[in-house]
Engineer: 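Sharing a structure below in structure tokens format, with a few things to ask.
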Amino acid sequence: MSLRVTPRENNFGAEITGIDLAQTTKEEIQAIKKAWLKHKVLVFRDQDITRQEHIAFGNNFGKLEVHPFAPHPKKYPEIVK
């Protein structure tokens, strides 16, 4: 696993690198959950994922909430524009 967690300079959040969100392993998800609990905000740069992959990734952290009035892409109410 080449996942790296780098705290942000302003001490708010962390950046996650060395990962492809379209193809995460159980170990990577566990590491991301641990980083999320510690840093509260995570940044994933340059991820080329489909909407379906985005939703699948989000489901690793619990059931996704659909906001009834938020604008969203057609057929993807889990994603807020």
Side-chain angles (χ1 to χ4, degrees):
M1 179 170 63
S2 61
L3 180 144
R4 289 177 302 285
V5 179
T6 307
R8 307 271 303 178
E9 289 181 19
N10 60 6
N11 293 320
F12 184 73
E15 183 171 347
I16 306 288
T17 57
I19 188 167
D20 177 358
L21 295 184
Q23 300 179 15
T24 55
T25 65
K26 289 180 183 179
E27 293 81 15
E28 289 171 328
I29 293 299
Q30 287 304 110
I32 291 168
K33 286 179 181 180
K34 184 177 176 182
W36 184 30
L37 290 172
K38 181 176 181 179
H39 299 284
K40 309 300 183 225
V41 174
L42 300 178
V43 176
F44 300 89
R45 296 187 192 275
D46 304 319
Q47 295 292 317
D48 185 22
I49 60 175
T50 66
R51 289 178 173 155
Q52 293 92 342
E53 291 166 338
H54 191 163
I55 291 167
F57 175 72
N59 278 319
N60 286 298
F61 304 94
K63 186 176 183 322
L64 298 178
E65 183 176 322
V66 174
H67 191 285
F69 303 110
H72 59 80
K74 189 174 184 175
K75 298 183 185 177
Y76 302 100
E78 301 90 345
I79 299 175
V80 177
K81 284 186 177 181

Engineer: How far does CD1 of I16 sit from NE2 of H39, to the nearest 0.5 angstrom?
Structural biologist: 7.0 Å

Engineer: So I19 and I32, do their side chains get closer than 4.5 Å, heavy atoms only?
Structural biologist: yes

Engineer: Does NZ belonging to K33 count more than 12 external heavy atoms closer than 6.0 Å?
Structural biologist: yes

Engineer: With the side chain counted from C-beta on, respond yes when Q47 and D20 share a heavy-atom pair under 4.5 Å apart, and no when they do not.
Structural biologist: yes

Engineer: According to a 4.5 Å side-chain heavy-atom criterion applied to Ile, Leu, Val, Met, Phe, Trp and Tyr, with indirect links allowed, do I79 and L64 form part of one hydrophobic cluster?
Structural biologist: yes

Engineer: At their closest point, which heavy atom of N59 faces which heavy atom of K63, and how far apart are they?
Structural biologist: OD1-CA, 4.4 Å

Engineer: Would you list the pairs meeting side chain to side chain donor-acceptor pair (under 3.5 Å) in which at least one residue belongs to residues 70-79, sequence neighbours left out?
Structural biologist: Q52-Y76

Engineer: Given the rule that I, L, V, M, F, W and Y join up when any side-chain heavy atoms are under 4.5 Å apart, are F61 and L3 in one cluster?
Structural biologist: yes

Engineer: Using side-chain heavy atoms (C-beta onward) and a distance below 4.5 Å, is F44 in contact with I49?
Structural biologist: no

Engineer: Could you check whether any side-chain N or O of S2 sits under 3.5 Å from a backbone N or O of G18, counting only pairs where one atom can act as donor and the other as acceptor?
Structural biologist: yes

Engineer: In Å, rounded to the nearest 0.5 Å, how long is the span from CG of L21 to CD1 of I29?
Structural biologist: 7.5 Å

Engineer: Give, for atom NZ of K26 and atom OG1 of T24, the distance between the pair rounded to the nearest 0.5 Å.
Structural biologist: 11.0 Å

Engineer: For N10, is the CG atom crowded, meaning more than 12 foreign heavy atoms sit under 6.0 Å from it?
Structural biologist: yes

